[in-house]
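Data first, discussion second: the structure below is written as structure tokens.
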Amino acid sequence: MLSRTAESCFWIARYTERAEYTARLINVHYQLLLESQNQRDQNVIWRWYLESTGQLALYEGHGLPLETMAVMQFLTLDHANPNALVNLISAARENARGIQDQLSSEVWHHINRVHLAWKAYTPASIATTPHRLLTEVQDTCYTLHGIMASTMLHDEGWTFYRLGKDIERANHTTRLLVHPILLQMSSESTELSDLHQCVAILKSASAYEAYRKVSRSVVSPEKIVEFLLLNEYFPRSVRFCTRGHRQHIERLMNKSAGVSDREPARLIGQLAADLDFVTLEEVHEMGLESFLTEVLRQLDRITMAVSRTYFRSEDTHDVRISSPRRHLRLEHHEAVVHDVKALLSARIQFTYTYEAPVTNVRTIMRVAPHQHYGNQRRLDVRWHMDPPADYRHYTDAFGNLVWQMDHARVEKEITCTVDMRVGTQTGYLSDGTLAVQGTDPQDTDCTVASSEFTRLTHLVDRSEALVRLGERLRGGGGAPGKLAEAILHHVHAALRYEQGRTHIGTTASEAMALGSGVCQDYTHVMLSLCRLASLPARYVSGLLPGEGQMHAWVEVLLPGSGQKLPMWVGYDPTHQRRCDERYITVAVGRDYQDIAPTSGYYEGEAKNRLDMAVSVTLESHGPTERWYSGHNQATASTSYPDEQQQQ
């Protein structure tokens, strides 16, 4: 499983579990404080909660009083508070959107529905019906867990989801136990206010009814600690959760043979063993607060170890959210001073026109990228086809998103419009030059070995001219990155951009002999030279503002050094530059034939024609304006028989 998918499943679970606990605790203590008009009670209860969850400093920074309604607004709708319910729900939805193709439609619709509902809520909504809205969050989280369990494969993604849920659950139950009433460790709670607080602690963990079945006579702090910390049958006890951690990590290690780091299993095993064999008397001897603090530290260590081992992420030292924890790892071989982000929108329209009715029409499209690719993220996509078709999608061997549309009969034409928005990010050095960066091969869905991209194909062939040029470039020595740059510049110098002289079947040797062509030909020639030099290189089909059609370029696999991993680096020989934040990668393959944007077949004698128009707009970007030309949008329409050549 891809690390980004595993990480998203992990954090969907943590955010929804955190939202459930937060909503329940607010609801319970809101109901408790309705019975008290004492301002001191409000101060004590809310100060304890904010302090135990690390939010007190932020709240005090707002200058707000410790009053119930003010605290509730802060904990539910304050966008400046990363642990507010609206932000937790948004973070869960953000992670789900990043792996939407890996989730069932029921899961996505459920998460998206509650996200849209909470976006519409106002402080007046919370003040009017707080109990209903908070209960709605709890029920939503319960239902989501059931939907995921019922509609998704119980594979590694499910295991990461369960691991994240149990870590978050253990974390919150432990924090719940750091309560002034419990730390006093009195033998039995006799005062009404103390009794109510003990009951509130149990209800905050959905544990009151289960506790009463185990301890029928008394509600005492000592028994509450024993139940929530060490009970082996209650699913929210810390001991029960750590047993779950051990089961989940063992399952992941059995399925992930390539993961050699056993640190997560070691840390989880330590914590589970401690809780399996410790007695309540030993906890008292160590001090309850000290013991709980060490449990929280161990849970943080486990989170960091899991992130390093399975997500290759180093920035998890604080498990409290500050932003959606969807991290795309961008490998830099040079010191990057700042990043430039871009938001691009694209529209692809095509029409297949047939001279007469045809039947059993199948259209294959590779016109939209997967939701994540390196430092690129597809934010949304919409498409419409007329007449409507039977639709399915799948991922091909190169990791590309493929849409398959089937029509039983087409009278005259098929039209399709695809709209999408894509976010990209690129690093620049202090002198304004583009840093060398790319995509980790392990962060893509490609199952084709890199050695396959060193082989020549029908379109990426050889000729005497190409062989001589390749030998001359290779003879110059230098690192693979330097060699790729040299090939880039020589291809640009050897060819002249000219439309109409080549076609979709033109080979690299033919384009080299002609000395001209379009981006598809530039790309095939560079691929040939790279592969003759034993550099793994692949064809990229994508989008670029100002082109008016689908664009093409090359990705070269540069080896890693030291702690740095190999990465696919983009080179555009048509424009003689490395690819930056303006480029949208749609599909990769050995050559154009592997990843034609549209293709297919039909039954019938009628001839057909393809008309396609592409527009790409740069909607927003970072501070580095100078890397953008003034022409950020272009639309063109061209007709081709059956297939389209990339320009």
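- The side-chain contact (heavy atoms from CB on, under 4.5 Å) search around V114 returns I89, W118, T140, not counting sequence neighbours.
- Distance CD/Q425 to CZ/R377: 11.0 Å, rounded to 0.5 Å.
- Counting only residues at least two apart or in different chains, salt bridge (charged side-chain N to carboxylate O under 4.0 Å, His left out) contacts with residues 122-132 comprise R132-E136.
- At distances below 3.5 Å, at least one donor-acceptor pair connects side-chain atoms of H154 with backbone N or O atoms of A149.
- Here R236 pairs with E17, E20 under the side chain to side chain donor-acceptor pair (under 3.5 Å) rule; sequence neighbours left out.
- Between Q371 atom CD and I99 atom CD1 the span is 8.5 Å, to the nearest 0.5 Å.
- Both tests pass for R24 against the ring of Y21: distance under 6.0 Å to the centre and angle within 45° of the axis.
- Side-chain atoms of R169 and P235, non-hydrogen and from C-beta on, do get closer than 4.5 Å to each other.
- N375 and Q437 share no side-chain donor-acceptor pair at under 3.5 Å.
- Considering only residues two or more places apart in sequence or on other chains, Y161 meets the ring-ring contact (aromatic ring centres under 6.0 Å, His included) condition with H145, W158.
- The CG atom of L299 lies 10.5 Å from the CG atom of L267; values are rounded to the nearest 0.5 Å.
- Partners of D274 according to the side-chain contact (heavy atoms from CB on, under 4.5 Å) rule, which considers only residues two or more places apart in sequence or in another chain, do not exist here.
- By the 4.5 Å heavy-atom criterion applied to side chains, K165 and F10 are not counted as neighbours.
- Within the 4.5 Å cutoff, side-chain heavy atoms of L292 are placed close to those of L229.
- Under the 3.5 Å distance criterion, the side-chain polar atoms of E282 are matched with a main-chain donor or acceptor of T279.
- A distance-only check finds no donor-acceptor pair linking the side chain of E106 to the backbone of T151 [under 3.5 Å].
- Residues passing the side chain to side chain donor-acceptor pair (under 3.5 Å) test with T395 are H370, sequence neighbours excluded.
- By the 6.0 Å contact criterion, CD on E209 is open, its count of non-hydrogen atoms from other residues, nucleotides or ligands being 12 or less.
- F227 pairs by the ring-ring contact (aromatic ring centres under 6.0 Å, His included) definition with Y211, F234, not counting sequence neighbours.
- No side-chain heavy atom of D445 sits under 4.5 Å from any side-chain heavy atom of L401.
- Residues passing the side-chain contact (heavy atoms from CB on, under 4.5 Å) test with A23 are L85, L134, V137, Q138, sequence neighbours excluded.
- Not a single side chain to side chain donor-acceptor pair (under 3.5 Å) links N231 to another residue, sequence neighbours left out.
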- Run the numbers on W568 and T444 for side chain to side chain contact (heavy atoms under 4.5 Å, CB included), then give the verdict. CA-CA 10 Å; W568 289 102; T444 71; 5.6 Å; no
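- For Y233, the OH atom sits in a loose shell: 12 or fewer heavy atoms of surrounding residues, nucleotides or ligands are nearer than 6.0 Å.
- A 4.5 Å side-chain heavy-atom check between D300 and N171 finds at least one atom pair inside the cut-off.
- In this structure, CD1 in I126 is found 10.5 Å from OH in Y30, a value given to the nearest 0.5 Å.
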- Verdict with supporting geometry, T293 and E289, side chain to side chain contact (heavy atoms under 4.5 Å, CB included): CA-CA 6 Å; T293 300; E289 188 170 11; 4.3 Å; yes
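- Atom OG1 in T309 sits 9.0 Å away from atom CE in M253 (nearest 0.5 Å).
- Residue pairs meeting the salt bridge (charged side-chain N to carboxylate O under 4.0 Å, His left out) criterion with at least one partner in residues 58-85, sequence neighbours excluded, are R47-E60.
- Pairing each heavy atom of P82 with each of A80, the nearest pair is CD-O, 3.4 Å.
- Distance check: L133 CG to T128 OG1 gives 9.0 Å after rounding to the nearest 0.5 Å.
- Side-chain atoms of D166 and H248 include a donor-acceptor pair closer than 3.5 Å.
- Minimum heavy-atom separation, L280 to L230: N-CD1, 4.1 Å.
- At a threshold of 4.5 Å between non-hydrogen side-chain atoms, the residues L177 and L288 do not count as touching.
- A salt bridge between R97 and D380 is absent, with no side-chain N of the basic residue lying under 4.0 Å from a carboxylate O of the acidic one.
- You'll find the side chain of Y121 stays beyond 4.5 Å of the side chain of T76, heavy atoms only.
- Ring-centre distance between F311 and W11: not below the 6.0 Å cut-off.
- For E7 and R14, the salt-bridge test fails: no basic side-chain N is under 4.0 Å from an acidic carboxylate O.
- With hydrogens and angles left out, the side-chain atoms of S125 and T122 include a donor and acceptor closer than 3.5 Å.
- Panel note: side chain T447, backbone A397; a donor-acceptor pair is recorded below 3.5 Å.
- Between L379 and L343, the closest side-chain pair of non-hydrogen atoms falls below 4.5 Å.
- The shortest heavy-atom contact between Q73 and A127 is NE2-N, 4.2 Å.
- Between E263 and A305, the closest heavy-atom pair is CG-CB, 3.9 Å.
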- Task: Let me see the working for H245 and C241 under side chain to side chain contact (heavy atoms under 4.5 Å, CB included), right down to the final yes or no.
- Result: CA-CA 6 Å; H245 302 165; C241 291; 4.2 Å; yes
- Take W383 and Y391, measure what ring pair (Phe, Tyr, Trp, His ring centres under 6.0 Å) needs, and give me the verdict at the end. CA-CA 11 Å; W383 59 269; Y391 159 79; 5.1 Å; yes
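- Ion pairing of R246 with D276 is present here, as a side-chain N (NZ or NE/NH1/NH2) and a carboxylate O approach within less than 4.0 Å.
- The side-chain contact (heavy atoms from CB on, under 4.5 Å) test applied to L64 returns Y59, H62, not counting sequence neighbours.
- Residues I249 and P264 come closest through the heavy atom pair CD1-CB, 3.9 Å.
- Heavy atoms from other residues, nucleotides or ligands lying under 6.0 Å from CZ of R297 number 12 at most.
- With sequence neighbours left out, the ring-ring contact (aromatic ring centres under 6.0 Å, His included) criterion links H29 to W48.
- Side-chain polar atoms of T53 and Q55 form a donor-acceptor pair below 3.5 angstrom.
- Between the side chains of H172 and E168, at least one donor N or O sits under 3.5 Å from an acceptor N or O.
- Between the side chain of T242 and the backbone N or O of R239 there is at least one donor-acceptor pair closer than 3.5 Å.
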- Task: Could you walk me through whether N83 and T22 pass side chain to side chain contact (heavy atoms under 4.5 Å, CB included), step by step?
- Result: CA-CA 9 Å; N83 281 314; T22 301; over 6 Å; no
